[in-house]
Amino acid sequence: MKRTIFSNQLLPWLLLAPQLAITFIFFLWPAGQAVRQSFLREDAFGINSSFVGLTNFRALLSSPEYMNSLQVTAVFAVSVTIMSMGVALLLAIAVDRMLKSARVYTTLLVWPYAVAPAVAGILWWFIFNPTIGVMPYVLDVVGYDWNHISSKTDAMLLVVIASAWKQISYNFLFFVAGLQAIPASMREAAAIDGAGPVRRFFDITFPLLSPTTFFLLVVNIVYAMFDTFGVIDATTEGGPAQATNIMVYKVYFDGFIGQNIGSSAAQSVILMLLVISLTVIQFRWVEKKVEY
Amino acid sequence: MIENRPGLNAMAHLVLILGVVVVGLPLWVAFVASTHTATDFMSGTVPMWPGPHLVENYSLMLERGVSTSGTPPVARMMLNSLIMALLIACGKIAISITSAFAIVYFRFPLRGLAFWCIFVTLMLPVEVRIVPTFQVVAGLGLLNSYAGLSVPLIASATATFLFRQVFLTMPDELVEAARIDGAGPMKFFRDILLPLSRTNMAALFVILFIYGWNQYLWPLLVTTDSQYYTIVAGIKRMADAVDGLPQWHLVMATAVLAMLPPVAVVIGMQRLFVKGLVETEK
């Protein structure tokens, strides 16, 4: 709170006007429309619509396709989070030991942050291309027949790898910052008491890193659920047989390709509730850090 | 480092080198592929070293593009991406800094409500309200325009919070001194607040430029006229079109060009980038 302020009454509204106008026209109004449409059913021509209550939601929750999408999203989000955070933590611990070369390694590790999810998808799609890709060639030598066009597991692995790859740099930077914030004296004291590197990691470093870890956990789940549309669309388009049809992709597909506005709107509402709860968790954390 | 253990150091180097290789693999493969011709992929073995067709492939894509895919030359798509990214980054900074100024330095009715309206945008990413937002933009006649590509994405709770935080840490004496010298609110904003938040603006710009350049779903929806295609959204259309034909070398050349500007920004302005990344998460 500022003690000294200006007393104008009209000026602040003029200053806020552009932001509020865009917020209302492109955020609040469409969100309201999504909520309204989720209670309506449009006829085949999109001319008339009638109020159907919770029918759209009931239809969704009893549809095996939507249940599959929920499951796929959960598997995808958890895999991406574990993979990218695991690799990033390992790299951050290694860089934390470096004195002179830390900067060079950091530069060589952070650039994928700048790669668009869609481009990341295209790159990995090419590397894993069953006919001309590098990886299927290598995997063939060890006897694995890679084909993400027909195999559900391979398709899921592909989108997980592409999405996790892009997120490693972000996690890496935050882990490095978290590690540097741990006072060296703690680790030194433990070393004097005879604790080896492994023991020190589990007894001191990892517990003290928990605020960073928890924060990244939420950020990564949000990323995997909402920012990976490009990865999916550029590679598998939800296939094969719905194996990678995450919720965000399904909203787009049902709404734009399938033209099922009511169902798509109901899915939007469910997604909004999810983002709201994740945001609340994240902000709660910012206020009360998880600490020992 | 606590004690000198050469074995552990060597292992750390090994882990990092392996990490750098794995992280860099896609870029290397894409770059190598973009320097070969279509026939080089037909033999079944993938080339692992650059070929002699670099200049040829890149100039073909930049100047003419793949005509069969219905996408314009890559240079045109990169220009569109640049315009969109700059409009989004500058627009977000401009409207957020004035919003933060209004919220921190004025007391007016419904101030809390205005703050909450901005906060709510955090919880409404484009992905969860695609259909109705598309309908609004179509209704306003903004399809196939730079305004349609950028304006709906310009509202920013994150940037507003960042500037709010910056302004809250500025000493109250600044306003008092400005007042005594007879400066009004806009003069104070222009001559004192703006210069003092320059580094924050630069750091935020780096993050927002990357955000804008990498937009995918939104440009895909609002552009049907190829003259407005952005490179990130265009590359998918290109990959779809050439899927039957082995034109991967051209798709990869486009992918490398799509990565180049944002990656150059991250590497060239690493300090600002890290500052921006950490600040926007506070």
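Letters A, B, ... mirror the listed sequences (proteins, then strands); counts begin at 1. As the structure is a prediction and not an experimental result, all values here were calculated from the model.
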> Is chain A contacted by the side chain of B:I17, its backbone, both, or neither, given a heavy-atom distance below 4.5 Å?
Replying inline: both
>> Return the CH2 to CG distance between A:W165 and B:L25, rounded to the nearest 0.5 Å.
In response: 9.5 Å
> By a 4.5 Å heavy-atom criterion (distance strictly below it), what part of B:V15 contacts chain A: side chain, backbone, both, or neither?
Replying inline: both
>> Using heavy-atom distances under 4.5 Å, tell me whether B:L140 contacts chain A through its side chain, its backbone, both, or neither.
In response: side chain
>> If you count heavy-atom pairs within less than 4.5 Å of chain B, which of A:Q33, A:K166, A:Q9 leads?
In response: A:Q9
> So which of B:G24, B:S156, B:A94 has the biggest tally of heavy-atom pairs under 4.5 Å with chain A?
Replying inline: B:S156
> Using 30° and 60° as the class limits, which term best fits the ring planes of B:H13 and A:Y105: parallel, tilted or perpendicular?
Replying inline: tilted
> Which region of B:V120, side chain (C-beta onward) or backbone (N, CA, C, O), has a non-hydrogen atom less than 4.5 Å from a non-hydrogen atom of chain A, or is it both or neither?
Replying inline: side chain
>> Quick check on B:F115 against chain A: is it the side chain, the backbone, both or neither that has a heavy atom closer than 4.5 Å?
In response: neither
> Using non-hydrogen atoms only, which part of B:Q135 is less than 4.5 Å away from chain A: side chain, backbone, both, or neither?
Replying inline: side chain
> For the candidates B:A157, B:P262, B:S99, which exhibits the highest count of non-hydrogen atom pairs separated by less than 4.5 Å from chain A?
Replying inline: B:S99
> Side chain, backbone, both or neither: which part of B:P125 has a non-hydrogen atom closer than 4.5 Å to chain A?
Replying inline: side chain
> Would B:V151 and A:F26 satisfy side-chain contact (heavy atoms from CB on, under 4.5 Å), going step by step from the backbone distance to the final call?
Replying inline: CA-CA 9 Å; B:V151 175; A:F26 299 109; 3.8 Å; yes
> With chain B, which of A:A177, A:A94, A:A234 has the greatest number of heavy-atom pairs at distances under 4.5 Å?
Replying inline: A:A94
> Less than 4.5 Å apart, any side-chain heavy atom of B:F273 and any of A:L173?
Replying inline: yes
> Hey, does the side chain of B:N214 reach the backbone of A:A114 with a donor-acceptor pair shorter than 3.5 angstrom?
Replying inline: yes
>> Is B:S96 close to chain A through its backbone or its side chain, or both, or neither, when contacts mean heavy atoms under 4.5 Å?
In response: both
> Looking at A:I25, A:T107, A:T23, A:V269, which has the largest count of heavy-atom pairs under 4.5 Å with chain B?
Replying inline: A:T107
>> Under 4.5 Å from any heavy atom of chain A, what part of B:L14 do you find: side chain, backbone, both or neither?
In response: neither
> Picking from A:L271, A:V119, A:I127, A:L108, which has the most non-hydrogen pairs under 4.5 angstrom with chain B?
Replying inline: A:I127
> In terms of ring plane angle, is the pair A:F256 and B:F134 parallel, tilted or perpendicular, where the classes change at 30° and 60°?
Replying inline: perpendicular
> Quick one: of A:Y170, A:F226, A:W29, who has the most non-hydrogen atom pairs under 4.5 Å with chain B?
Replying inline: A:Y170
> Under a 4.5 Å heavy-atom cut-off, does chain A meet the side chain of B:M11, its backbone, both or neither?
Replying inline: neither
> Which answer fits B:L110, side chain, backbone, both or neither, if we ask what part of it has an atom under 4.5 Å from a heavy atom of chain A?
Replying inline: both
> Under a 4.5 Å heavy-atom cut-off, does chain A meet the side chain of B:I210, its backbone, both or neither?
Replying inline: side chain
> Can you tell which of B:A12, B:A233, B:A102, B:P26 has the highest number of heavy-atom pairs within less than 4.5 Å of chain A?
Replying inline: B:P26
>> Under 4.5 Å from any heavy atom of chain A, what part of B:V22 do you find: side chain, backbone, both or neither?
In response: backbone
>> Among A:W124, A:Y252, A:Y113, which residue has the highest count of heavy-atom pairs closer than 4.5 Å to chain B?
In response: A:Y113
> What's the shortest heavy-atom distance between A:I122 and B:K236, and which atoms?
Replying inline: CD1-CA, 4.4 Å
> Is it the side chain or the backbone of B:A258 that comes within 4.5 Å of chain A heavy atoms, both, or neither?
Replying inline: side chain
> Does any non-hydrogen side-chain atom of B:F189 lie less than 4.5 Å from one of A:L15?
Replying inline: no
